[in-house]
Amino acid sequence: MSAGGLHDLQTVALTVNGSERTVAVPAHRTLLDALRDEMGLTGSKTCCAEGECGACTVLLDGRAVNACLVLCAEADGHEVTTVEGLSERGLTDLQEEFLNAGAVQCGFCIPGQVVSAEYLLRGNPSPSEEQIREALSGNLCRCAGYQRIVRAVQATAARRRGDRG
Ligand code: FES
Ligand code: FES
């Protein structure tokens with residue numbers, strides 16, 4: 001064991017998608033890596049690993065965060081929801097509207113887009129196009145499917161409001 005303790009394991013207890021989980025991780029392990037590598041939740045994607053792309057977006061105590069910028073230890077005692085947690089009972093209405101809008105191209109950014117959009121819609125059931133674009137501005141899509149992604153979020157908002165059958 002190293003004298004500096006960099007590789008010493010810390011025990012972290014957190015709630016992930018409604019289940020209590022305990023993991024032993026080095027102090028520098030990110031929440032993203034712990035979710036993917038320790039818990040097998042690979043829906044959250046690793047891309048830039050520096051907070052620029054949003055592919056790793058999860059909800060931490062209900063707030064959208066970049067999991068690559070959060071240490072696993074910082075999530076101790078907190079509640080994490082990943083894209084898997086949002087869709088435990090099958091595709092959500094939001095995910096269905098992403099498909100309906102043809103917003104899914106390579107798909108790499110989509111889990112992060114879905115989590116960010118869900119966070120937006122929970123706080124704002126009737127977002128304007130500008131608000132949708134702002135809410136998703138931290139989620140980059142290399143396939144540049146932004147217009148279709150916006151349409152998918154608008155369609156979900158309308159569906160939740162009961163504007164259409
Ligand atoms: S992988 Fe976290 S923001 Fe890019
Ligand atoms: S669908 Fe390919 S990066 Fe967004």
Side-chain angles (χ1 to χ4, degrees), residues 6 10 12 14-17 21 23 25-87 90-124 127-159:
L6 190 62
Q10 285 185 283
V12 177
L14 66 172
T15 303
V16 179
N17 298 334
R21 306 290 295 259
V23 290
V25 293
H28 61 275
R29 178 69 46 88
T30 65
L31 176 60
L32 176 61
D33 287 345
L35 289 168
R36 292 178 54 86
D37 300 339
E38 315 289 334
M39 301 179 228
L41 295 167
T42 54
S44 311
K45 301 303 181 206
T46 304
C47 187
C48 71
E50 53 188 28
E52 296 294 334
C53 75
C56 62
T57 307
V58 301
L59 300 179
L60 179 61
D61 293 335
R63 286 190 54 235
V65 299
N66 291 324
C68 69
L69 294 184
V70 177
L71 291 176
C72 183
E74 292 179 295
D76 188 48
H78 294 274
E79 193 168 324
V80 176
T81 303
T82 68
V83 70
E84 290 94 339
L86 294 181
S87 51
L91 289 183
T92 65
D93 51 359
L94 177 58
Q95 289 171 314
E96 286 177 358
E97 294 301 345
F98 266 71
L99 293 175
N100 291 341
V104 181
Q105 296 182 57
C106 82
F108 194 80
C109 72
I110 299 300
Q113 305 275 7
V114 165
V115 174
S116 291
E118 184 62 42
Y119 176 59
L120 167 70
L121 291 172
R122 287 182 182 184
N124 180 0
S128 65
E129 178 171 344
E130 191 181 351
Q131 288 170 327
I132 294 170
R133 289 186 183 277
E134 170 64 27
L136 298 180
S137 61
N139 293 86
L140 305 185
C141 178
R142 281 174 295 183
C143 302
Y146 294 111
Q147 191 57 43
R148 290 177 180 200
I149 290 169
V150 169
R151 279 215 298 276
V153 178
Q154 289 172 323
T156 307
R159 188 164 154 182

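All values reported here derive from a predicted model rather than from experimental measurement. As the structure lists them, so they are numbered: ligands from 1, and atoms in each ligand from 1.
Between Arg21 and Glu38 there is no salt bridge, since no side-chain nitrogen of the basic residue lies less than 4.0 Å from a carboxylate oxygen of the acidic one.
By the criterion of a heavy-atom distance under 4.0 Å, both the backbone and the side chain of Cys48 are placed next to ligand 1.
The single protein non-hydrogen atom nearest to atom 3 (S) of ligand 2 is Arg142 N, 3.2 Å, given as residue, atom name and distance. With hydrogens left out, the protein atom closest to atom 1 (S) of ligand 2 is Gly107 N, 3.4 Å, a heavy atom.
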**Asked** Do Gln131 and Asn124 pass the side chain to side chain donor-acceptor pair (under 3.5 Å) test, and can you show the C-alpha distance, the side-chain angles, and the key distance before you say yes or no?
**Response** CA-CA 9 Å; Gln131 288 170 327; Asn124 180 0; 3.1 Å; yes
**Request:** Evaluate side chain to side chain contact (heavy atoms under 4.5 Å, CB included) for Val58 paired with Val65, printing each intermediate quantity in order.
**Result:** CA-CA 6 Å; Val58 301; Val65 299; 3.9 Å; yes
**Message:** Set out, in order, the CA-CA distance, both residues' side-chain angles and the distance that settles side chain to side chain donor-acceptor pair (under 3.5 Å) for Thr82 and Glu84, then state yes or no.
**Reply:** CA-CA 5 Å; Thr82 68; Glu84 290 94 339; 2.7 Å; yes
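With atom 2 (Fe) of ligand 2 as the vertex, SG (Cys143) and SG (Cys106) define an angle of 100°, rounded to 10°. To the nearest 10 degrees, the angle centred on atom 4 (Fe) of ligand 2 between SG in Cys141 and SG in Cys109 reads 100°.
No donor-acceptor pair under 3.5 Å is formed between the side chain of Asp93 and the backbone N or O of Thr156. A donor-acceptor distance shorter than 3.5 angstrom exists from the side chain of Arg36 to the backbone of Ser44, with no hydrogens or angles considered.
Ligand 2 does not have Gly145 within reach: every non-hydrogen atom of the residue lies 4.0 Å or more from it.
Annotation for ligand 1: atoms under 4.0 Å from non-hydrogen atoms of Ala49 are 1 (S), 4 (Fe). Those atoms of ligand 1 that come under 4.0 Å of a heavy atom in Gly51, given as number and element, are 3 (S).
Annotation: the span from Glu97 atom CD to Arg148 atom CZ amounts to 14.0 Å, rounded to 0.5 Å.
Cys53 lies close to atom 4 (Fe) of ligand 1, since one of its N, O or S atoms is found at a distance under 2.8 Å.
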